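From a predicted model like this one, the values you see are computed outputs, not experimental measurements. Numbering of ligands and ligand atoms starts at 1, following listing order.
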Amino acid sequence: MPIELVFATHNAHKALEIAAMLPDGYTMKTITDIGISEDIPETGDTLEENSRQKVDYVLSRHTCNCFADDTGLMVDALGGEPGVYSARYAGENATYEDNVNKLLSVMEGIEDRTARFSTVITLSLDGNIYTFTGSVEGEITTSASGSEGFGYDPIFLPRESDRTFAQMTMEEKATISHRGRAFAAMIDFLKNYNTTQND
Ligand code: IMP
């Protein structure tokens with residue numbers, strides 16, 4: 001019997017990225033698929049707290065195996081901002097474009113443009129909690145380039161590349177991205193977990 005995992009997200013981009021990586025023996029649904037339509041509150045001060053909060057929210061309503069991720073973009077010259085507030089950097093109902101424009105304008109004239117994306121994943125599996133992390137170093141460009149991806153992708157240039165995340169295919173991005181790395185760690189764990197269970 002495959003193990004079903006519920007991904008605590010409404011973000012179709014993320015769900016596609018992850019569904020493509022899942023090993024044999026697992027199926028995935030999102031919270032949208034199981035009837036949770038509201039946005040899950042994220043009130044923690046850290047990525048760890050927020051990803052755990054999302055998992056706890058789902059578990060308080062459904063009995064399931066569940067995972068959640070939380071990501072922040074940390075800009076060195078801004079003391080780590082927008083960080084845990086990346087989704088609402090330009091205000092409560094900010095669009096991705098609003099956030100990108102705000103960051104570009106805050107960084108106007110700043111020379112040190114180094115930044116990193118970090119992701120923390122919390123997984124609740126058979127009643128146990130596991131945590132996985134991933135990050136990618138890079139810099140904030142001075143203007144937006146590319147039309148793929150989402151969020152800050154058009155202005156994030158990873159150190160490994162001369163193209164922004166928004167100029168990469170989903171697969172290319174996933175091989176070096178914060179979330180790709182954190183999920184790769186979770187996928188490795190899941191592969192071994194399933195093998196151990198079936199021994
Ligand atoms: P979340 O915790 O994954 O929802 O991410 C918070 C915010 O960080 C999102 O609303 C995006 O603005 C940004 N973000 C997260 N992941 C990415 C990514 O892969 N590329 C660009 N921006 C991202």
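Side chains of Asn50 and Val84 form a contact here, defined as non-hydrogen atoms less than 4.5 Å apart. Side-chain contact between Glu148 and Met170 is absent, with no heavy-atom pair separated by less than 4.5 Å. At a threshold of 4.5 Å between non-hydrogen side-chain atoms, the residues Arg179 and Phe117 do not count as touching.
Residue contact check: Lys14 has heavy atoms under 4.0 Å from atoms 1 (P), 3 (O), 4 (O) of ligand 1. Heavy-atom proximity to Lys173, at under 4.0 Å, picks out these atoms of ligand 1: 18 (C), 19 (O), 20 (N). Taking a cut-off of under 4.0 Å to the non-hydrogen atoms of Asp153, the atoms of ligand 1 that pass are 18 (C), 19 (O), 20 (N), 21 (C). Taking a cut-off of under 4.0 Å to the non-hydrogen atoms of Ser86, the atoms of ligand 1 that pass are 7 (C), 8 (O). Interface of Gly151 with ligand 1, defined as ligand atoms under 4.0 Å from a residue heavy atom, comprises 12 (O), 21 (C), 22 (N). Atoms of ligand 1 found under 4.0 Å from any heavy atom of His178, numbered from 1 in the order shown, are 16 (N), 17 (C), 18 (C), 19 (O).
Aromatic ring centres of Phe183 and Phe7: separated by under 6.0 Å. The ring of Phe189 has its center closer than 6.0 angstrom to the ring center of Tyr193.
Of the residues Val136, Leu73, Asp76, the one that meets the side chain to side chain contact (heavy atoms under 4.5 Å, CB included) test with Arg116 is Asp76.
Salt-bridge formation is not detected for the pair Glu139/Arg159: no Lys NZ or Arg NE/NH1/NH2 atom is positioned less than 4.0 Å from an Asp or Glu carboxylate oxygen.
Among Val84, Asp70, Thr95, Val136, the residue whose heavy atom lies closest to atom 2 (O) of ligand 1 is Asp70.
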Candidate pair Thr71 and Thr119, rule side-chain hydrogen bond (donor to acceptor under 3.5 Å, both in side chains), full reasoning
CA-CA 4 Å; Thr71 292; Thr119 295; 2.9 Å; yes
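Residue Phe117 places a heavy atom under 4.0 Å from ligand 1. For Tyr152, the closest heavy-atom approach to ligand 1 falls below 4.0 Å. In this structure, Asn99 has no heavy atom closer than 4.0 Å to ligand 1.
Of all heavy-atom pairs between Phe156 and Ala115, the closest is CE1-O, 3.9 Å.
Taking atom 5 (O) of ligand 1 as the reference point, the nearest protein heavy-atom neighbour is Thr71 O, 3.6 Å. Taking atom 16 (N) of ligand 1 as the reference point, the nearest protein heavy-atom neighbour is Arg179 NH1, 3.1 Å.
With a 4.0 Å cut-off on non-hydrogen atoms, Phe165 does not touch ligand 1 at all.
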